[in-house]
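When a ligand or atom number is given, it counts from 1 through the structure's own listing order. We use all heavy atoms of the structure for the numbers below, so side chains are in, but hydrogens, waters and symmetry mates are not.
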Amino acid sequence: MKKIKTAVFPVAGLGTRFLPITKVIAKEMLVVVDKPLIQYAVEEAKEAGIEKFIFVSSRGKNAIEDHFDSAPILEEALRERKKFRDLQKVIDSQLDSGQAVFIRQHSPKGLGHAVHCAHNLVQEEAFAVILADDLVLAPKGCLKQMVDAYEQSDGNMIAVENIPPSETFRYGIFDIASQDGKKIKAKSIVEKPAPEVAPSTTAAIGRYILKTTIFDNLKNAQAGLANEIQLTDAIQNMMHETPLTGYHYDGTRYDCGMKIGWLEANIAFSLKDPEAQEETRLMLKRMVKELA
Ligand code: G1P
């Protein structure tokens, strides 16, 4: 069995779409209901069996590291006040010492460069990459679905979904050779093509299982679109020896890198939260009535 034990979380981005809040709050710390985006990503990774968590961060993002640390004073206070449910939430948000590694991407040279920053730390044959701003609501975590499917696969795998034709310029887009159930065999992949030249409307979303050999490719990578080192280009460049599979995951993705996606995620997750769902439903009904 091919065990995927390591996940890389690129969290160095500037988050300019959310300025001014991202002046001091890392984009990955934006809250959806009561948890930061990065915690959802870590929980999804844990569900998939990940044991080592590598955060590729940048200056000014220390809150991410603090979030996964223990908080003894807070924990003690909650214990004394017998607020055990709250205490559990604090404990559940921790990563054990030695499980989490924080490294820095010194300059914003793109997603491919960010992933390459982790090359000394990944020991296994294949590893996962999770982009926290793609938040997936699914009964079984998106990465877990992929890890299970990867057992009968090899090469690189990316979660995919169908997107409207006008949005191809936001995603890595698959040129499809064939499809077998949820799995797509790729002929090629291209980063953010214009709708007129896009080979399909099958888009990569921020969940990857990659062969460690991608690091060799990223090491010598040339800057691509937007003058950045693109992960998509490295995946494409190694396709002659490493096949690429697209995996149509079950679930709904919210693009929390965009204001409207983030807002929608808050509503969707709130409707699933036993503590908040009833009030959320009433609020929505009221708002819809006001709009009518
Ligand atoms: C990145 C990737 C792109 C992928 C997308 C998924 O783009 O480069 O191929 O489709 O994530 O969210 P970004 O959203 O970082 O611009």
Note to self: Do I4 and E124 have side chains that approach each other closer than 4.5 Å (heavy atoms only, starting at C-beta)?
What the structure shows: no
Next item on the list: Output yes when E241 and K211 qualify as a salt bridge under the 4.0 Å nitrogen-oxygen rule, no when they do not.
Entry: no
Write out each pair where an N or O from ligand 1 and one from the protein are under 3.5 Å apart, with the distance.
from	atom 1	to	atom 2	distance (Å)
ligand 1	7 (O)	K192	NZ	3.4
ligand 1	8 (O)	E191	OE1	3.4
ligand 1	8 (O)	E191	OE2	2.6
ligand 1	9 (O)	G172	N	3.0
ligand 1	9 (O)	E191	OE1	2.7
ligand 1	9 (O)	T232	OG1	3.2
ligand 1	10 (O)	G172	N	2.9
ligand 1	10 (O)	A204	O	2.7
ligand 1	12 (O)	D134	OD2	2.7
ligand 1	16 (O)	K192	NZ	2.5

Notebook entry, point to check: Do we see a donor-acceptor contact under 3.5 Å between the side chains of D92 and Q88?
Noted result: yes
Notebook entry, point to check: Is R253 paired with E161 through a side-chain N to carboxylate O contact shorter than 4.0 Å?
Noted result: yes
Item checked: Pi-cation contact, Y171 with K192 (under 6.0 Å, within 45°) -> no
Next item on the list: Determine whether the aromatic ring centres of F215 and F127 lie less than 6.0 Å apart.
Entry: yes
